[in-house]
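Residue numbers begin at 1 in each chain, while the letters A, B, ... track the order of the sequences.
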There are 2 protein chains.
Amino acid sequence: MPIPTLDAFQVIGDPSRRKMLMLLSADSLTINSLADNFDMSRPAVSKHIKILQTAGFISIEDIGRERYCSLKKDGFEELQAWLEYFDAFWASKLKKLETLLNNKLPN
Amino acid sequence: MPIPTLDAFQVIGDPSRRKMLMLLSADSLTINSLADNFDMSRPAVSKHIKILQTAGFISIEDIGRERYCSLKKDGFEELQAWLEYFDAFWASKLKKLETLLNNKLPN
DNA sequence: TATTTGCGTAACTCAGAAGTTACATATACA
DNA sequence: TGTATATGTAACTTCTGAGTTACGCAAATA
């Protein structure tokens, strides 16, 4: 069976999960304190957190019966790499335009 | 009713749509020539294209009965802005670590 | 003009994802 | 030890969205 790795893009496609990441950018939070910021039930938040963890967006440290979530770089890097590919596209497009202009106006 | 603007993150959450963007990074393509690269039906591709266009990832130029798709920056910029926010997070985290280390080892 | 080609849309099916409630478990506290 | 707290999980419901087929229309072509 394939390792159940998650699609980073699909994972951040969910607005609730993005909001969770935003909240965690301000502070490390437990599942419950995270859930306070949402309308959904705590188990729903718990599931989202598991997804975010599996996809490498957060790490979790167990302290007693609490679980502290904090941001983790891995997940973000995958997105970054993808965007950088297209950055290169725009850059090369700009370069082609330059060349074109230079050839059209060789004065 | 709310303006049917699309969530850029949700839009690129779909692997097929990301593949379309990749294909368009190599060349401008018509709907049909795009569809050749996929297992799904042409109407399915057509829908994806409409979504990508609405979200600002591509622009479409009608030439006769054909529609040429090419990449458009707008959609990407929204993603970039989001990632940059978290870039700042990592940067500030690094800075805090530096400060911490400097205080702990003030020799 | 008749036919083919390139495409959009409507109506439908279906799977998956996100939510729920109910329950189980482990830790902290009285 | 008994209770409250923090959490995970299973089972279920519901809804969205991605796919399909069938159809219509405009442009190209014979």
Side-chain angles (χ1 to χ4, degrees), chain A residues 1-24 27-70 72 75, chain B residues 1-24 27-70 72 75:
Chain A
M1 55 197 165
I3 298 170
T5 185
L6 290 180
D7 181 345
F9 295 90
Q10 214 159 328
V11 167
I12 61 154
D14 186 286
S16 299
R17 286 196 282 264
R18 288 204 303 279
K19 184 177 172 185
M20 290 177 189
L21 294 179
M22 277 294 173
L23 290 167
L24 292 177
D27 213 344
S28 253
L29 294 171
T30 65
I31 310 282
N32 265 339
S33 48
L34 253 174
D36 288 341
N37 297 277
F38 294 87
D39 277 338
M40 62 183 118
S41 69
R42 187 199 46 79
V45 173
S46 190
K47 285 185 189 178
H48 281 303
I49 288 299
K50 186 171 191 178
I51 291 172
L52 285 170
Q53 182 190 20
T54 305
F57 285 97
I58 66 174
S59 61
I60 303 186
E61 188 187 4
D62 293 35
I63 297 184
R65 63 188 164 185
E66 295 181 315
R67 315 192 72 204
Y68 281 85
C69 309
S70 34
K72 192 178 172 185
Chain B
M1 52 196 166
I3 297 172
T5 186
L6 290 180
D7 180 346
F9 294 88
Q10 213 160 328
V11 167
I12 62 155
D14 186 284
S16 299
R17 287 196 281 264
R18 288 202 302 277
K19 184 176 171 184
M20 291 179 189
L21 294 179
M22 277 293 172
L23 289 167
L24 293 177
D27 213 345
S28 251
L29 294 171
T30 65
I31 310 282
N32 265 338
S33 49
L34 253 173
D36 287 343
N37 297 277
F38 293 87
D39 278 338
M40 60 181 118
S41 69
R42 184 200 45 79
V45 173
S46 191
K47 284 185 191 180
H48 281 304
I49 288 300
K50 185 171 190 175
I51 290 172
L52 285 170
Q53 181 190 22
T54 305
F57 284 97
I58 66 174
S59 60
I60 303 186
E61 186 187 4
D62 293 35
I63 299 184
R65 64 187 164 186
E66 293 182 318
R67 314 193 72 203
Y68 281 85
C69 308
S70 33
K72 191 177 171 184

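Residue A:His48 has a polar side-chain atom (N or O) positioned under 4.0 Å from OP1 or OP2 of C:dG19. Here B:Ser46 does not reach the OP1 or OP2 of C:dC7: none of its side-chain N or O atoms lies under 4.0 Å away. In this structure, B:Lys50 does not reach the C:dC7 phosphate: none of its side-chain N or O atoms is under 4.0 Å from OP1 or OP2.
Taking CD1 of A:Ile31 as the reference point, atom CZ of A:Arg42 lies at 8.5 Å (rounded to 0.5 Å). A distance of 5.0 Å separates CZ in A:Phe38 from NZ in A:Lys19, rounded to the nearest 0.5 Å. Atom CE of B:Met22 is separated from atom CG of B:Asn37 by 13.5 Å, given to the nearest 0.5 angstrom. With values rounded to the nearest 0.5 angstrom, B:Thr54 atom OG1 is found 6.5 Å from B:Lys50 atom NZ. Rounding to the nearest 0.5 Å places CD of A:Gln10 at 7.5 Å from CG of B:Asp14. Put simply, OG on A:Ser16 and CG on A:Leu52 are 10.0 Å apart, with the number rounded to the nearest 0.5 Å.
For B:Asp27 (side chain) and B:Leu29 (main-chain N/O), no donor-acceptor pair under 3.5 Å exists by modelled atom type.
Atoms CG (B:Asn32) and C1' (C:dG6) sit 6 Å apart, rounded to a whole Å. Look at CD1 on A:Ile49: it is 12 Å from P on C:dG19, rounded to the nearest Å. As a whole-Å value, the separation of A:Asp39 CG from C:dG19 C1' is 12 Å. Taking atom CG on A:Asp14 and atom P on C:dG16, their separation rounds to 18 Å, with Å as the unit. Taking atom CE of B:Met40 as the reference point, atom C1' of C:dG8 lies 16 Å away to the nearest angstrom.
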Output one line per pair: protein atom, nucleotide atom from nucleotides 23-30 of chain C, and distance, for all N/O pairs under 3.5 Å.
residue, atom, partner, partner atom, Å
C:dT27, O2, A:Arg65, NH1, 3.0

Which pairs, protein N/O on one side and nucleotides 11-13 of chain C N/O on the other, fall under 3.5 Å?
residue, atom, partner, partner atom, Å
C:dA11, N6, B:Lys47, NZ, 3.2

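The salt bridge (Lys or Arg N to Asp or Glu O under 4.0 Å) contacts involving residues 57-66 of chain A comprise A:Asp62-A:Arg67, where partners must be two or more places apart or lie in separate chains.
With sequence neighbours excluded, the residues that form a side-chain contact (heavy atoms from CB on, under 4.5 Å) with A:Gln53 are A:Ile58, A:Ile60. A:Asp36 meets the side-chain contact (heavy atoms from CB on, under 4.5 Å) test with no other residue; sequence neighbours excluded.
For the pair A:Arg18 and B:Phe9, the distance from NZ or CZ to the six-membered ring centre is under 6.0 Å and the angle to the ring normal is within 45 degrees.
Of all nucleotides in DNA chain D, those with any atom nearer than 4.0 Å to a heavy atom of chain A start and finish, going 5' to 3', at D:dA4 to D:dA11.
Annotation: of the two residues near DNA chain D, A:Thr30 and B:Ala44, the 5′-most nearest-nucleotide partner is A:Thr30.
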